[in-house]
Colleague: 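Have a look at this one.
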There are 2 protein chains.
Amino acid sequence: MKKEMTLAAEICARLSERIISGELAAGSPLRQDHIAAEFKASHVPVREAFRELEARGLAQRLPRRGTRVAEAPHAALREVAEMRAVLEPLALRHAAPQITGSVLQRAAEANQAAENAEDIYTWEEANRRFHRTLLEPCGMERLLRSIDDLHLASARYLFAGKSREWQSPNDRDHRAILAALRAGDSATACSVLARHVQWTPPRLRLQAGGFRP
Amino acid sequence: MKKEMTLAAEICARLSERIISGELAAGSPLRQDHIAAEFKASHVPVREAFRELEARGLAQRLPRRGTRVAEAPHAALREVAEMRAVLEPLALRHAAPQITGSVLQRAAEANQAAENAEDIYTWEEANRRFHRTLLEPCGMERLLRSIDDLHLASARYLFAGKSREWQSPNDRDHRAILAALRAGDSATACSVLARHVQWTPPRLRLQAGGFRP
DNA sequence: GCCTTCAGAATTATCTATAATCTGACACCA
DNA sequence: TGGTGTCAGATTATAGATAATTCTGAAGGC
């Protein structure tokens, strides 16, 4: 049995999905013994999975006292948005000189998928793919990792707020970003991107809960 | 024996120091079995320590193939500097309204310690303390954690380049930041901070290796 | 000389057992 | 009644054993 993923990685991936989707609620305890039993594994790779979840901001470990799903307070929504608003344009600025036609093509396909999405999970995955595709050519691994983790956090907020509010966003910013990049205007692409993910006061954007993923 | 730190945390802290100081060179293998023997421990908490080191950007784990000290390529120096240049002002902007006289006092003391430092390690710790003290009141934990990790990376670069080049920096930016904050001018404080940690081309700043910690 | 295969050694990942710490119930005392 | 101490059971952390995977060098074939 030659698996690509270690058991710890597999458990981490499964728990990640449940946390992000909201199935595992913020603050709820993650019992290493119970999860080990569920996965028919020893508790040691479960602990390793918890370490990884914590590193991605999805869990909070309290040494000797257990691990919990990370809280996702409303106040931190702004924190996530503002970090993205400074980090994503930074990545795009470095990525832009390396963006090929192929990258733009893949980004456009991701955006098309987002526009066609009929449920919020499909939309979020396509949206995340759009962003990642454009930023990846920057080649700055630490920065990309930070952005990835912020996207996970964003997804949690998105899914947590989906009830009653979600409509397929009719969002032109992605197209504007692509158009600017095709025109070689990375400054405009960066500023549209920054505005696109920027925190805005809730009063003005009730349906999106204060930011745009 | 009631210890505050778990063994994994202790091992992580010790290895951290060695990585940051340069004693453990970039790319060098971290052997779980050897380290376990050195600490007279099982390899399991060593693995947990490796997970934590990786989360902080100090190690790179290759599943089933071992763990290495994270590379610190010169190219990534710029990445670290630029991330700091956008994240630290963001944190300071949110911290400024919460900064008390006590915070400013502690920051001034840290700066004094930095100015009086006679070796680079003392200076680095005081410098880091200065930054952290000012930014902590923002209360944004994810952001502060990111900045902390960037400071660890900065320290690695600083110590790696210390030979022959290090002089006690005669740096007025810290004082300018404090003065602006005392005057309630957070915009100036933020822009000085951004400039202070900003990436500059190596040609113009040979002695500091391209950025200012 | 180069490439492929394979066995054995080395190393990492997980398991099971044990040690350490935490939690909550209960008893006792002022 | 409220506060404190004790202790059993629950839970987490680590040790040592075992299983799984990778690495390395030797042998054989072309």
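Proteins get letters first, then strands, A, B, ... in listed order; numbering begins at 1 in each.
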Colleague: How long is the line joining NE2 of A/His43 and P of C/dT16, in whole Å?
Modeller: 11 Å
Colleague: Is any NZ, NE, NH1 or NH2 atom of the basic residue among B/Glu124 and B/Arg128 found under 4.0 Å from an Asp or Glu carboxylate oxygen of the other?
Modeller: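 Between B/Arg128 and B/Glu124 there is a salt bridge, with a charged N closer than 4.0 Å to a carboxylate O.
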Colleague: For B/Gln32 and C/dT11, give me the distance from atom CD to atom P, rounded to whole Å.
Modeller: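 Going from B/Gln32 (CD) to C/dT11 (P), I get 10 Å.
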Colleague: Going by the angle between their ring planes, with limits at 30° and 60°, are B/Phe130 and B/His174 parallel, tilted or perpendicular?
Modeller: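 Answer is parallel, since the angle falls under 30°.
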Colleague: Calculate the interatomic distance between A/Ile35 atom CD1 and D/dT11 atom P; express it in whole Å.
Modeller: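 Taking atom P of D/dT11 as the reference, CD1 of A/Ile35 is at 13 Å.
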Colleague: I want to check one thing: is the phosphate of D/dT12, taken as OP1 and OP2, less than 4.0 Å away from some side-chain N or O of A/Arg65?
Modeller: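 Indeed not, no polar side-chain atom of A/Arg65 lies that close.
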Colleague: Report the distance from atom CG of B/Asp33 to atom P of D/dA20, rounded to the nearest whole Å.
Modeller: 20 Å
Colleague: Whole-Å distance between D/dT12 C1' and B/Met5 CE?
Modeller: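 Rounding to the nearest Å, CE of B/Met5 and C1' of D/dT12 are 17 Å apart.
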Colleague: Decide yes or no for A/Arg132 and A/His151: does some side-chain heavy atom of the first lie under 4.5 Å from some side-chain heavy atom of the second?
Modeller: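 A/Arg132 does not reach A/His151 side chain to side chain.
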Colleague: Take B/Arg51 and A/Pro63, find for each the nucleotide of DNA chain C with the closest heavy atom, and name the residue whose nucleotide sits nearer the 5' end.
Modeller: B/Arg51
Colleague: State, without any angle test, whether B/Ser16 and B/Arg56 hold a side-chain donor-acceptor pair at a distance under 3.5 Å.
Modeller: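 The answer is no; no qualifying pair exists.
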Colleague: Tell me whether the OP1 or OP2 atom of D/dT14 has a side-chain N or O from B/Ser42 closer than 4.0 Å.
Modeller: no
Colleague: Pick the nucleotide of DNA chain C nearest each of A/Ala41 and B/Gly66; which residue has the one closer to the 5' end?
Modeller: B/Gly66
Colleague: Measure the distance from CG on B/Leu30 to P on C/dT11 and round it to the nearest whole Å.
Modeller: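 In whole Å, C/dT11 P lies 14 Å from B/Leu30 CG.
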Colleague: Check the distance between C/dT14's P and B/Arg64's CZ and give it to me in whole angstrom.
Modeller: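 After rounding, the gap between these two atoms is 7 Å.
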Colleague: To the nearest Å, how far apart are A/Lys40 NZ and C/dT14 C1'?
Modeller: 17 Å
